[in-house]
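Down below is the structure, laid out as structure tokens.
FYI, side chains are in, hydrogens and waters are out, and symmetry mates aren't considered; it's all heavy atoms of this structure. Just so it is clear, the structure is predicted and the values come from calculations on it, not from any experiment.
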Amino acid sequence: MTFTRDCHGITFRLVCFDCYDKVMGKGYDGAYYTEADECIEEDY
């Protein structure tokens with residue numbers, strides 16, 4: 001088992017060695033995102 005990385009190089013998920021090349025085919029795992037997608041609003 002090995003971890004995949006997202007578009008920013010952050011650990012994304014654990015996959016088997018046989019699946020790694022398939023899920024990393026586009027260079028990263030998951031969907032591409034920007035800092036705007038990471039905006040977390042907190043209500044106080």
Side-chain angles (χ1 to χ4, degrees):
M1 302 288 284
T2 188
F3 287 100
T4 60
R5 306 277 178 179
D6 69 5
C7 61
H8 294 288
I10 299 168
T11 301
F12 190 72
R13 66 177 160 175
L14 189 63
V15 297
C16 68
F17 292 111
D18 295 333
C19 298
Y20 184 82
D21 290 334
K22 181 179 178 181
V23 298
M24 293 295 288
K26 57 186 171 188
Y28 57 90
D29 193 7
Y32 183 79
Y33 63 93
T34 65
E35 289 181 11
D37 298 318
E38 296 180 355
C39 181
I40 299 173
E41 295 183 29
E42 294 184 17
D43 295 319
Y44 292 97

**Request:** Sequence neighbours left out, what pairs pass ring pair (Phe, Tyr, Trp, His ring centres under 6.0 Å) with at least one residue falling in residues 4-38?
**Result:**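 The answer is His8-Tyr33.
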**Asked** Is there side-chain contact between Asp29 and Arg13, with heavy atoms separated by less than 4.5 Å?
**Response**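 When only atoms from C-beta onward are counted, Arg13 and Asp29 do touch, with a gap below 4.5 Å.
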**Residues which pass salt bridge (charged side-chain N to carboxylate O under 4.0 Å, His left out) with Arg5, listed by chain and number, not counting sequence neighbours** =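 Partners of Arg5 under the salt bridge (charged side-chain N to carboxylate O under 4.0 Å, His left out) test: none.
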**Request:** Return each pair, listed once, that meets salt bridge (charged side-chain N to carboxylate O under 4.0 Å, His left out) where at least one residue sits in residues 14-25; pairs must be two or more places apart or across chains.
**Result:**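 Qualifying pairs: none.
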**Asked** Say you draw a straight line from CG of Leu14 to CZ of Phe3; how long is it, rounded to the nearest 0.5 Å?
**Response**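 So the gap between those two atoms works out to 4.5 Å.
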**Non-hydrogen atoms of Cys7 and Ala31 that approach each other most closely** =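 So the minimum-distance heavy-atom pair works out to SG-O, 4.3 Å.
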